[in-house]
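Here is the structure we will look at.
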Amino acid sequence: MCGIVGYVGKRRLVPVVLEGLKRLEYRGYDSAGIVYLQDGKLVKFRSEGKLQNLEHIMADAMGAPAHIGLGHTRWATHGAPTTANAHPHSDCTGDLVVVHNGIIENYHSLRKELIEKGHSFASETDTEVLAHLIEEYLDGDLRAAVTQALSRIEGSYAIGVLWTGMPDTLIAARNHSPLVIGVHEEDGGFLASDIPPLLPYTEQIVFLDDQELVVLQANNHTVYSLVTGEVVEKKIETISWNAGMAEKGGYKHFMLKEIYEQPQAIINTVSGRINPENGSVDLPEMNLSDADIAGIERIFLIACGTSWHAALVAKYWIERWAGIPVEVDIASEFRYRTLLIDERVLTVSISQSGETADTLAGIRLAKQLGSKIVTICNVVGSTMTREADGTIYTHAGPEIGVASTKAFTSQLAALFLFTLFLAEKRGSMEAAKRLEFGKELIRLAAVIEKILPALQDEIKELIESYYDSRDFLFVGRGLNFPIAMEGALKLKEISYIHAEGYASGELKHGPIALIDKDMPILALAPQDAVYQKSISNIEEIKARQGRLILIGTEGDQHLKSITDDIIYLPKVLEELNPILYTIPAQLLSYEIASRRGCDVDQPRNLAKSVTVE
Ligand code: M6R
């Protein structure tokens, strides 16, 4: 999705904004632009494609004596990803510029109206109407004009506005699209769609809420409600992330770095939440009373993509150990079906970013129907955490690679804790077992840490026979069925190989027709409760000459009679296999994509944070 960076302060503008845009690259984009104010005039640069194109045309502007400006990475929605459609967009005078994330749904009628009033348009974008609309209302008071213009907009937006008439001020606003402010006494004021651009300068963050506008100056920021026009007192939050967390740290790709960060991310997510003496689980930010928990009759888990796979695993855990029926929905489907939800239902959203539009819409709907909302989220202060009744934070640190890795395994760790928490409160699991499970979760992090380097080497070699495949199947049973789907999603999104994940037992109902000597099938076959059943399904694949890669338990000699391509993993608590078995699936996708020369961290057509519906 698009990214915004803005700055006003003592530093030279171009390096701050350019570096900030680089830190938003993970969001996905196809053109970019920067504007700054110098000698009373706006200077604008825009280009198609990656930021290096923009950097190239700005080579002579790096040291420009400018201290206020805006930058934008555009992920095309309305109009092709051309230079003319890249932001910033100007009004007719060229004295006012706008950058925008989101979609202006009524832009057709606004554009028509503005053209009739004499405005001329230079792009096909929805955003440009906003520049002309503000121009239309501007009569010396920029805040009033922006407020008036936004009152005409239907849709979602995060915007930044710069006008030569107020050379020391940026105006920004949001509605259903994230925007954060960074403040620093010396350095000035920062504006961004996400936290990483702010990390080199400040840990002091103000999270704008929907329908809020900020007037941002180097040493001052004032937030107003777009509804009442009144000043809103905002809390400045201190975040614990640092700049290094959003850098590659010697790894070839963010995705690889993030795969290696998983043991620490799991430990951070679990730390301090489970009492080592009695196995009691403490999730204070969840904000649910004992009575709330006792009253839960059903749980809805809603999420998208990889986070949805985490929900599918959690269903097995919660139903088995807490005895509460669980329904799992893809958020974009949840929203449009008949929902039998009331106050006896707990709705849990799972989202790395906390900004995914469909998931957000889902929790809003569930809330209206009377459900309490808990969110499992990685980003402190994100919209979802602010709208939910309570949050269980995953402490994975910033995830930059578009392919979700450490956020996923941390979500699983958080959901496992959530299961133990519910089981404790509902009295469905003995303390000793909770303690054992908690310890096994910590041990798992150490196991993953130990096996990672050798596992990567092994997989790197293995993929030489598979990296140019056209299709791939992933299969698993029980707790590992969602991991088969996750493996397939990972492979398809970063390598562009067509991949599907199936429950092993489902193969014979259709997909088995695809199997021949050219079809690679990765089968998850740990020695668990459904091991024998998995082996029978794997034999069915072998009988049809499928090219099997098996992932199984160390010491399982039987697997050797099936195929030579086996990845052995240590035995861990069966319940935790989904976390462990995810690791080789991630590495396989990573190594294949890397071998094929794909843009691993920013795969085509994808965005890290999907803030449109
Ligand atoms: O931020 P969220 O967890 O809500 O994002 C949901 C999906 O967009 C995300 O998991 C997506 O599927 C990833 N690219 C998968 O790697």
Side-chain angles (χ1 to χ4, degrees), residues 1 25-28 75 176-178 193-196 253-256 258-259 262 265 301-314 328-335 347-364 373 375-385 387-388 391-394 396-412 414-415 474 482-483 485-496 499 501 582-583 585-590 593 598-613:
M1 299 289 109
E25 276 194 298
Y26 69 90
R27 293 167 69 86
W75 188 77
H176 301 311
S177 188
S193 306
D194 199 355
I195 295 167
H253 295 104
F254 279 111
M255 180 180 177
L256 188 61
E258 287 157 5
I259 289 174
Q262 292 180 106
L301 300 177
I302 59 169
C304 300
T306 286
S307 300
W308 175 64
H309 296 150
L312 290 171
V313 174
V328 179
D329 271 86
I330 293 174
S332 55
E333 289 298 315
F334 175 82
R335 300 175 56 187
T347 304
V348 181
S349 68
I350 305 165
S351 174
Q352 184 283 131
S353 61
E355 301 293 349
T356 302
D358 285 315
T359 314
L360 260 173
I363 63 168
R364 286 174 183 149
I373 312 291
T375 188
I376 295 183
C377 189
N378 194 41
V379 181
V380 175
S382 57
T383 309
M384 231 171 273
T385 64
E387 295 199 11
T391 300
I392 306 173
Y393 280 109
T394 48
E399 189 180 68
I400 309 294
V402 163
S404 188
T405 52
K406 63 175 180 172
F408 176 64
T409 44
S410 308
Q411 285 168 348
L412 289 177
L415 284 159
F474 288 70
I483 304 309
M485 293 208 283
E486 171 59 9
L489 174 62
K490 218 86 299 173
L491 184 65
K492 78 180 96 171
E493 75 177 322
I494 61 169
S495 75
Y496 318 138
T582 297
I583 312 294
Q586 294 170 340
L587 285 168
L588 180 108
S589 307
Y590 171 77
C598 298
D599 190 348
V600 173
D601 286 331
Q602 291 160 43
R604 69 186 181 205
N605 304 338
L606 288 176
K608 181 70 183 163
S609 175
V610 185
T611 51
V612 294
E613 295 174 9

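Counting convention: from 1, in listed order, for ligands and their atoms alike.
At the top of the distance list for atom 8 (O) of ligand 1, counting protein heavy atoms only, stands Val610 CG2, 4.0 Å. At the top of the distance list for atom 7 (C) of ligand 1, counting protein heavy atoms only, stands Cys304 O, 3.6 Å. If you check which protein heavy atom lies closest to atom 4 (O) of ligand 1, you get Thr356 OG1, 2.4 Å. The nearest protein atom to atom 10 (O) of ligand 1, hydrogens excluded, is given as Thr306 N, 3.1 Å; this is a heavy-atom distance.
Shown are Ile400, Leu587, Ile494; of these, the side chain to side chain contact (heavy atoms under 4.5 Å, CB included) with Met255 is made only by Ile494. Of the listed residues (Thr405, Thr409, Thr582), just one forms a side-chain hydrogen bond (donor to acceptor under 3.5 Å, both in side chains) with Gln262, and that residue is Thr409. Only one option out of Leu312, Ile350, Val348, Val313 pairs with Val328 in a side chain to side chain contact (heavy atoms under 4.5 Å, CB included); it is Leu312.
Considering backbone and side-chain atoms alike, Val402 places an N or O below 3.5 Å from some N or O of ligand 1. Residue Ser353 has at least one nitrogen or oxygen atom sitting less than 3.5 Å from a nitrogen or oxygen atom of ligand 1, judged on distance alone. Inclusion of Lys608 in the set of residues having an N or O under 3.5 Å from an N or O of ligand 1 is not warranted. Here's the thing with Ser307: one of its N/O atoms is less than 3.5 angstrom from an N/O atom of ligand 1.
Using a 4.0 angstrom heavy-atom cutoff, Lys490 counts as in contact with ligand 1.
In terms of heavy-atom proximity, Ser351 sits nearest to Gln411 at C-NE2, 3.8 Å.
Using modelled atom types, no side-chain atom of Glu387 and backbone atom of Arg364 make a donor-acceptor pair closer than 3.5 Å. The backbone N or O of Phe254 lies less than 3.5 Å from a partner atom in the side chain of Asp601, making a donor-acceptor pair. Of the possible polar contacts, none joining the Gln352 side chain to the Ser307 backbone as a donor-acceptor pair under 3.5 Å is found.
Listed by number with element, the atoms of ligand 1 under 4.0 Å from a non-hydrogen atom of Ala403 are 16 (O). Short contacts between ligand 1 and Ser351, defined as distances under 4.0 Å to a heavy atom of the residue, involve ligand atoms 1 (O), 2 (P), 3 (O), 4 (O). Short contacts between ligand 1 and Ser404, defined as distances under 4.0 Å to a heavy atom of the residue, involve ligand atoms 15 (C), 16 (O).
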Practice problem: Please step through side chain to side chain contact (heavy atoms under 4.5 Å, CB included) for the pair Leu606 and Glu493, ending with a clear verdict. | Solution: CA-CA 8 Å; Leu606 288 176; Glu493 75 177 322; 3.5 Å; yes
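Residue contacts with ligand 1 for Glu493 involve side-chain atoms from C-beta outward but no N, CA, C or O (heavy atoms, distance under 4.0 Å).
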